[in-house]
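Remember, it's 1-based here, ligands and their atoms both numbered in the order they're listed. Everything numeric in this text was worked out from a predicted model, so none of it was measured.
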Amino acid sequence: MKVPPLDLKAQFEVIQDDVHSRFEQILATHHYILGPYVAELEGEIAKFCGVEHGIGVASGSDAILLALMAVGVTEGDVVITTPFTFFSTVSSITRLGAKPYFIDIDPLTCNLDPNQLADVRATKVKAILPVHLYGQLADMEEIGCWADMNDAAIVEDAAQAIGASRNGRMAGSWGAAGAFSFYPTKNLGGAGDGGMIVTDNEKLAEKLRCLRDHGAKQRYYHDEIGLNSRLDAFQAAVLLAKYPHLAAWNDKRRDIADQYRREFADLPIELPKEDTGNVHIYHQFVIRTQKRDELKAHLDQAGVYTAVFYPVPLHLQKCFQYLGYHEGDFPEAEKAAAEVLALPIFPEIGAERFNIVVNAVREFFGG
Ligand SMILES: *Cc1c(COP(=O)(O)O)cnc(C)c1O
């Protein structure tokens with residue numbers, strides 16, 4: 001028996017009647033882009049996050065890009081972020097002609113280390129873009145203090161953290177805007193690409209609704225140079241069918257994480273830690289070991305899917321060479337890139353598949 005990274009088939013069984021009836025409704029009305037399902041989902045996600053507005057867009061990457069545009073990031077600005085993240089956190093900055101200014105991660109959480117903010121030497125810092133990596137929030141209190149003092153807007157890359165919270169406050173609700181992804185593998189995933197921006201700021205929400213639709217409030221009258229980045233009704237239909245299960249699915253992931261921790265307590269690996277006040281939603285369960293590549297090969301052999309998020313930090317990517325960063329600039333991010341390994345974690349894993357993972361990992365370390 002193989003252990004996959006997730007089981008969308010099992011998940012679909014739970015929601016398929018709901019999806020089918022919503023699809024029929026869309027096919028009867030032919031309202032394919034935005035429309036009532038998207039508006040309903042925007043309302044649900046905003047409420048879930050404890051903010052006023054949700055703006056459905058075409059992907060998580062676009063959600064980040066549009067949020068940066070909406071807070072005014074433009075040519076020549078500086079945006080502070082982490083080098084240990086998915087590509088599009090950083091490409092969203094460079095696409096606007098702005099410069100990513102990396103600071104190293106806290107090895108405990110793999111999130112941007114707020115202690116390093118004191119050393120930032122940059123002018124024109126327009127925004128700070130923390131990433132809630134693996135499903136756990138960055139230290140938003142410290143980041144918020146620094147952003148206030150330096151008059152920088154906060155945009156949260158909450159693509160991996162829908163439903164996560166810190167000291168009672170939801171991911172996405174801390175900054176001027178928060179960006180979510182509905183990529184199919186995410187904790188709330190569509191049947192294709194999709195994303196959402198949440199914000200409590202009415203003006204920003206209005207600007208975002210305009211920017212996602214070619215910058216036109218009124219069709220063919222363009223106030224700004226926007227994008228074509230709208231969520232479609234079929235995605236919203238799938239997401240609305242899944243949304244009522246999200247909190248329970250996230251709880252289930254937390255249970256599985258606890259079980260992994262118990263099973264691996266005596267092994268020479270670093271287990272994921274939750275920072276004080278955080279409710280981690282385990283988009284990924286990421287362990288660390290210096291024998292990462294050997295362990296991964298062993299688990300591949302055993303039919304256990306694993307993945308490395310991420311093997312190359314962004315400051316060392318070929319496409320970002322022009323930024324002038326070098327190996328050694330961010331030692332914690334580079335170390336993490338060499339050591340992290342994500343084990344299968346999904347609500348439908350079940351005892352049998354869970355035990356296969358546990359046994360295969362234990363076997364590698366000699367039982
Ligand atoms: C998935 C992800 C994105 C991009 O989302 P898409 O919907 O795939 O465009 C951005 N940042 C992080 C951290 C992600 O995990």
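- Proximity of Asp62 to ligand 1, defined as any heavy-atom pair under 4.0 Å, is not found for any part of the residue.
- Set against the non-hydrogen atoms of Ser88, the atoms of ligand 1 under 4.0 Å away are 3 (C), 4 (C), 10 (C).
- With Tyr37 as the aromatic partner, Arg22 meets the cation-pi criteria of under 6.0 angstrom to the ring centre and within 45 degrees of the ring axis.
- Inclusion of Asp193 in the set of residues having an N or O under 3.5 Å from an N or O of ligand 1 is not warranted.
- In summary, of the residues considered (Tyr260, Phe285, Phe346), a ring-ring contact (aromatic ring centres under 6.0 Å, His included) with Phe354 occurs for Tyr260 alone.
- Residues Leu341 and Thr289 form no side-chain contact, since every pair of their non-hydrogen atoms from C-beta on lies 4.5 Å or further apart.
- Close approach to Gly60 involves these atoms of ligand 1, each under 4.0 Å from a residue heavy atom: 5 (O), 6 (P), 7 (O), 9 (O).
- Here the shortest heavy-atom distance to atom 12 (C) of ligand 1, taken over Ser92, Ala161, Ala159, Gly190, belongs to Ala159.
- The single protein non-hydrogen atom nearest to atom 11 (N) of ligand 1 is Asp157 OD2, 2.8 Å, given as residue, atom name and distance.
- If you number the atoms of ligand 1 from 1 as listed, the ones under 4.0 Å from a heavy atom of Ile64 come out as 10 (C).
- Ligand 1 places these atoms under 4.0 Å from at least one heavy atom of Val131: 13 (C).
- With hydrogens and angles left out, the side-chain atoms of Asn187 and His283 include a donor and acceptor closer than 3.5 Å.
- Between the side chains of Gln116 and Asp104, no donor N or O sits under 3.5 Å from an acceptor N or O.
- In this structure, the protein non-hydrogen atom closest to atom 3 (C) of ligand 1 is Phe86 CD2, 3.6 Å.
- For the 3.5 Å distance criterion, the side chains of His245 and Tyr243 fail to qualify, holding no donor opposite an acceptor.
- The shortest contact between atom 15 (O) of ligand 1 and any protein heavy atom is with Gln160 NE2, 2.8 Å.
- Checked for salt-bridge contact, Lys2 and Asp300 miss the test: no charged N lies under 4.0 Å from a carboxylate O.
- Salt bridge annotation for Asp275-Arg166: present, with a cationic side-chain nitrogen under 4.0 angstrom from a carboxylate oxygen.
- Among protein heavy atoms, atom 1 (C) of ligand 1 sits closest to Lys186 NZ, 1.5 Å.
- For atom 9 (O) of ligand 1, the closest non-hydrogen atom of the protein is Ser61 OG, 2.5 Å.
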